[in-house]
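The structure appears below as structure tokens.
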Amino acid sequence: MRTILLSFDEKWYPALRNGDKIFEHRKKFCDEEVRAFLYLGKPRQQIVAEIGLSRRELLSDWLIRYQDDRDVVVRIQDFMQRNKFAMKVLWFKEIEPISIIELQKRYPELKIPISFHFLDKKPEVLKWLDENKKYTGYQIENDFSDIGKDDICIL
């Protein structure tokens, strides 16, 4: 499984952390299951969690799957104005915050991703993160056995 550094908007973080946000939506995303270090931008500028994301699904496929439900179709169409893919948030593990500024001092070649970067291409950064992350003990695993129309394109 590949590992990425994923930029994430602070306003969605509480819903991700508590398990309300079970899908992540993006314009572009890799086509494989990944482990992601979650980076929150300004003002925090910190890596705050590690999450598992499923292989991407096309929102256009969801449009076909839910075509008989007008409310879901409207939500999907709204999301499709900004996104192309959805990935399941498989699990979430909170870590003690790691300052991206301090990490960049250690590894100046590390750039802040607009969306995501593969950390496998920066093995020394990935090794440092894996060796220095400290889990807080807070974690969740999302259950996708009973996904319904009310779970589609809500956050």
Would you call the rings of His25 and Phe23 parallel, tilted or perpendicular, taking 30° and 60° as the class edges?
tilted
Could you state the interatomic distance from CG (Leu129) to CD (Glu50), rounded to the nearest 0.5 Å?
9.0 Å
For the atom pair CD1 (Ile152) and CG (Asp71), what is the distance rounded to the nearest 0.5 Å?
13.5 Å
Same cluster (ILVMFWY, side-chain, under 4.5 Å), Tyr39 and Trp128:
yes
Got a second to check how far Lys93's NZ is from Phe37's CZ, nearest 0.5 Å?
10.5 Å
For the atom pair CG (Leu40) and CD (Glu10), what is the distance rounded to the nearest 0.5 Å?
5.0 Å
Mind listing the closest non-hydrogen atom pair of Ala49 and Ile95 along with its distance?
N-CG1, 3.6 Å
Taking C-beta and beyond as the side chain, do Asn132 and Ile98 meet within less than 4.5 Å on heavy atoms?
no
Cationic tip of Arg75 within the cone over Phe79's six-membered ring, i.e. under 6.0 Å and within 45° of the normal?
no
Could you tell me whether the side chains of Glu33 and Ser54 share a donor-acceptor contact shorter than 3.5 Å?
no
In Å, rounded to the nearest 0.5 Å, how long is the span from NZ of Lys42 to CD1 of Ile112?
9.5 Å
Looking at side-chain heavy atoms only, is the closest gap between Arg65 and Glu57 below 4.5 Å?
yes
As an exercise, state the distance from NZ of Lys121 to OG1 of Thr3, rounded to the nearest 0.5 Å.
13.5 Å
side-chain hydrogen bond (donor to acceptor under 3.5 Å, both in side chains) between Gln46 and Ser99, worked out:
CA-CA 5 Å; Gln46 296 172 326; Ser99 166; over 6 Å; no
A side-chain contact here means heavy atoms from C-beta on lying under 4.5 Å apart; do Phe8 and Ile51 qualify?
no
Hey, are the side chains of Asn142 and Leu90 touching, using non-hydrogen atoms and a 4.5 Å cut-off?
no
Beyond-backbone contact of Met80 with Ser60, side-chain heavy atoms, under 4.5 angstrom:
yes
Does Leu155 share a hydrophobic cluster with Ile140, counting links as ILVMFWY side-chain heavy atoms below 4.5 Å and allowing steps through other members?
yes
Polar side-chain atom of Asp120 near backbone of Arg2 as donor-acceptor pair, under 3.5 Å
no
Anything under 30° is parallel, anything over 60° is perpendicular, the rest tilted; go ahead and classify Phe92 against Tyr13.
tilted
Check: Trp91/Gln139 side-chain N/O donor and acceptor closer than 3.5 Å
no
Between Leu119 and Tyr107, is there shared hydrophobic-cluster membership here, with clusters defined by ILVMFWY side-chain heavy atoms closer than 4.5 Å?
yes
Within-4.5 Å side-chain heavy-atom neighbours: Cys153 and Leu59
yes
Proximity of Phe116 and Phe29 rings by center, below 6.0 Å:
yes
Does atom NZ (Lys84) have a neighbourhood of more than 12 heavy atoms from anything else shown, all under 6.0 Å?
no
Should Leu5 and Leu38 count as side-chain neighbours, where that means a heavy-atom distance under 4.5 Å?
no
Which is it for Lys127 and Glu131 under the salt bridge (Lys or Arg N to Asp or Glu O under 4.0 Å) test, yes or no, and what are the steps along the way?
CA-CA 6 Å; Lys127 182 176 187 236; Glu131 290 175 352; 3.4 Å; yes
Crowding at NZ, Lys133 (>12 non-hydrogen neighbours, <6.0 Å):
yes
Verify the distance criterion only: is there a donor paired with an acceptor across the side chains of Tyr135 and Glu96 at less than 3.5 Å?
no
Arg35 and side chain to side chain contact (heavy atoms under 4.5 Å, CB included): which single residue from Asp130, Leu6, Ile4 fits?
Asp130
Using the side chain to side chain contact (heavy atoms under 4.5 Å, CB included) definition, which of the options Asp20, Asp146, Val72, Ile22 pairs with Asp151?
Ile22
Please check: side-chain N/O of Gln104 versus main-chain N/O of Leu110, any donor-acceptor pairing under 3.5 Å?
yes
Could you give me the CA-CA distance, side-chain angles and deciding distance for His117 and Lys111, then say whether side chain to side chain contact (heavy atoms under 4.5 Å, CB included) is met?
CA-CA 9 Å; His117 287 314; Lys111 304 296 180 214; 4.0 Å; yes
For Glu102, is there any backbone N or O sitting under 3.5 Å from a side-chain donor or acceptor partner on Arg106?
no
Report the C-alpha separation of Glu24 and Arg56 in whole Å, then their side-chain angles, then the decisive distance to 0.1 Å, and conclude whether the salt bridge (Lys or Arg N to Asp or Glu O under 4.0 Å) test is met.
CA-CA 9 Å; Glu24 174 60 3; Arg56 69 187 187 193; over 6 Å; no
If hydrophobic clusters are built by linking Ile, Leu, Val, Met, Phe, Trp and Tyr wherever their side-chain heavy atoms come under 4.5 Å apart, do Trp12 and Phe85 end up in the same one?
yes
hydrophobic_cluster_shared for Tyr66 and Leu63, side chain cutoff 4.5 Å:
yes
Decide salt bridge (Lys or Arg N to Asp or Glu O under 4.0 Å) for Lys122 and Glu109; before the verdict, give the C-alpha distance in whole Å, the side-chain angles of both, and the deciding distance to 0.1 Å.
CA-CA 9 Å; Lys122 303 206 176 303; Glu109 73 280 4; 5.6 Å; no
